[in-house]
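Below: the structure, in structure tokens.
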Amino acid sequence: MQNYQTQIQSSSKKFLDELIDFLSFPSISADSQYKEAVTQTAHWLEEKLQALAMDEVKVFPTSGHPIVYASKTVDPEAPTVLIYGHYDVQPPDPLDLWDSDPFTPVIKDEKIYARGACDDKGQVYMHLKALEILNQNGPLPCNVKFLIEGEEEVGSEGLPDFVKNHKELLEADLMLISDTSMLANDTPSITVGLRGMAYMEVHITGPNRDLHSGVYGGAVDNPINVLCEMIAHLKDKDGRITIPGFYDQVYNLSQSERDDLGRAPFHEASFLNDLGIGAAKGEKGYSIPELKSIRPTLDVNGIWGGYTGEGSKTVLPSQAHAKISMRLVPNQNSEKIAELFTEYLQRIAPPTVQIEIINHHGGEAAVTSTDSIGYQAASKAFEKAFGKPPIPTREGGSIPIVALFQQELGLDTILMGFGLNSDNIHSPNEHYGLFNYFKGIETIAHFHEILAEMKRS
Ligand code: BES
Ligand code: MN
Ligand code: MN
């Protein structure tokens, strides 16, 4: 079996230069000002995929941002790996907290700094470069398909339709995704669970205009006060979400399932220290790793209203707004949860205000099996590249396509992520370790070879 390290080493400058190019595009899916940049990024990827001698490369328009698709069949008997990822990125703000420009990649201390470096451009690009390495050694071991979308960070709204309308195009033996993290560079892991999501927006309107807070204050309800009070009512003193029915469908893990997951190393002191917090906070009765993976959450993502400019302004505002998301766990349904949230807030809103609730997007939680041939191949690939078998872990983030593919295509997913929790994804100074980038390429190359071999035997 190849070891690939020498090959990767001799292409390392080229592989980094290309990643720098990829990271230079401001492919911010949330901001319509960048629509053109998002489309340009899709076409850049199209070109890079064409350079890999794919049979077919195509950019599909969607209701939102384009999907990049590619496929190559080497042998109808070989397994087909569908590689999913996203080329869109989160908005970079707050900009003043970055040490360098988010779209001018900088290499410092063996890490590459840019928005999307880890989530997910750096991890997507490892897959293209792994195929480039494999191509140098002869025909690819597996058939491959790529589905790289441009609106994962805004809820993948165009994706369900695309999947339903192109089932044949997406036919594969398994889906492979690098868009998660591992425990540490010397503790490889494979993600076997992700949370779902229900993302809501709340608008509260009180009086029909902003008022002088002295002339009217005291007699007219303040929408910001109301909103804060309502939000404070969404959790009880034990950290449990109070929306009636919220926990009804939650899958509660057995003690032995909890023990299994509890075996992954976790250091509370360094967790707290890294974040600069004095204590953790969450639902009573669960450990920190459990709270951020197998339990549902409710968090305010943003809240605004009234005067926030310089100095002071005495105003009783007409409106208040909040964006609130809930992370969901297996068996909860995002549509159902959005309904329960809406009903409850409408019910507890006082008669002094009007309330409007928008259901932005949702997705379901997913759990993947450790028994599949794909997982076994991934496990061996990690062992070969890292010298240690990977630990199965559940993570708290969401990748809605995983559940969608299980439902629509019955396809198993392997979550082979190489990021670290300390990579600052969605945050200023996002970065990705060069070790992780090159190790990822190596591990992926092993995966294709091992999977093909396992299918043959
Ligand atoms: N790559 C992340 C998800 C992730 C991060 C999973 C770390 C596991 C570990 C993805 O790009 C992401 O941010 N997803 C959104 C989904 C949402 C917009 C539906 C999320 O989790 O907030
Ligand atoms: Mn991602
Ligand atoms: Mn993300």
Side-chain angles (χ1 to χ4, degrees), residues 22-23 27-31 41 64-65 83-92 102 114-127 147-160 175-184 189-201 264 289 292-294 296-302 323-329 332 334-335 337-338 359-368 392-404 413-428 430-432 436 440:
F22 191 17
L23 291 171
S27 51
I28 308 165
S29 51
D31 190 338
T41 318
H65 301 295
I83 298 152
Y84 165 86
H86 62 95
Y87 66 86
D88 66 318
V89 300
Q90 287 276 328
R115 171 56 87 230
C118 171
D119 184 13
D120 183 32
K121 286 170 165 174
Q123 298 210 63
V124 161
Y125 210 59
M126 296 180 316
H127 287 271
L147 169 62
I148 310 176
E149 68 154 315
E151 43 186 11
E152 195 275 345
E153 298 290 12
V154 288
S156 306
E157 282 186 75
L159 195 64
M175 180 161 63
L176 180 63
I177 304 182
S178 296
D179 192 23
T180 51
S181 41
M182 52 181 196
L183 290 166
S189 55
I190 296 179
T191 305
V192 293
L194 292 166
R195 287 192 284 198
M197 157 79 68
Y199 202 110
M200 314 297 292
E201 187 165 319
K292 55 194 193 67
S293 62
I294 59 163
T297 68
L298 183 151
D299 276 294
V300 179
N301 299 101
K323 293 182 192 279
I324 299 178
S325 66
M326 291 160 281
R327 295 278 167 182
L328 310 178
V329 297
Q332 283 183 300
S334 59
E335 278 305 314
I337 293 294
N359 177 2
H360 270 296
H361 58 76
E364 312 312 330
V367 173
T368 62
T393 56
R394 293 214 198 177
E395 287 200 273
S398 309
I399 307 177
I401 196 180
V402 179
L404 185 73
T413 294
I414 311 302
L415 293 160
M416 188 187 264
F418 298 92
L420 295 176
N421 283 341
S422 54
D423 285 341
N424 286 357
I425 64 173
H426 294 206
S427 174
E430 176 175 353
H431 55 270
Y432 191 40
N436 305 66

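This chain uses plain numbering: 1 for the first residue, then up along the sequence. Counting starts at 1 for both ligands and their atoms, in listed order. Heavy atoms only: backbone and side chains are in, while hydrogens, waters and symmetry mates are out.
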For ligand 1, find out whether one of its N or O atoms is nearer than 3.5 Å to an N or O atom of Glu153.
yes

Report yes if the side chains of Asp119 and Asp179 come closer than 4.5 Å at any heavy-atom pair, otherwise no.
yes

Can a non-hydrogen atom of Asp120 be found less than 4.0 Å from any atom of ligand 1?
no

Enumerated ligand 1 atoms positioned under 4.0 Å from heavy atoms of Ile425
5 (C), 7 (C)

Answer whether the closest heavy-atom distance between the side chains of Leu420 and Asn436 falls below 4.5 Å.
yes

Would you indicate which of Val154, Asp179, Asp88, Asn421 comes nearest to atom 1 (N) of ligand 1 when only heavy atoms are counted?
Asp179

Please state which protein non-hydrogen atom is closest to atom 16 (C) of ligand 1 and give its distance, to 0.1 Å?
Ser398 O, 3.4 Å

I'd like to know if the side chain of Glu151 pairs up with that of His86 as donor and acceptor (distance under 3.5 Å, no hydrogens or angles considered).
no

Asn421 and Ser181 side chains, donor-acceptor separation under 3.5 Å
yes

If we number the atoms of ligand 1 from 1 as shown, the ones under 4.0 Å from a heavy atom of Arg327 are 20 (C), 21 (O), 22 (O)

Any atoms of ligand 1 less than 4.0 Å from a non-hydrogen atom of His86? List them with their elements.
11 (O)

Could you check if a side-chain atom of Met326 sits within less than 4.5 angstrom of a side-chain atom of Pro296, using non-hydrogen atoms only?
no

Heavy-atom distance to atom 10 (C) of ligand 1: which of Glu152, Arg394, Glu395 wins?
Glu152

Can you tell if the side chain of Tyr84 reaches within under 4.5 Å of the side chain of Ile148, non-hydrogen atoms only?
no

Any donor-acceptor pair under 3.5 Å linking the side-chain atoms of Ser293 with those of Arg195?
no

Who are the side-chain contact (heavy atoms from CB on, under 4.5 Å) partners of His360, not counting sequence neighbours?
Tyr199, Glu201, Lys323, Ile358

Is there a side-chain contact between Ser178 and Val124, using heavy atoms and a 4.5 Å cut-off?
no

Any side-chain donor-acceptor pair under 3.5 Å between Lys121 and Ser27?
yes

Please determine whether any non-hydrogen atom of His361 lies less than 4.0 Å from an atom of ligand 1.
yes

A correct count of protein N/O/S atoms found below 2.8 Å of the Mn ion (ligand 2) gives 4

Distance-only polar pair, side chains of Ser325 and Asn301, donor-acceptor under 3.5 Å:
yes

Does Asp119 reach ligand 1 with a nitrogen or oxygen that is under 3.5 Å from one of the ligand's nitrogen or oxygen atoms?
yes

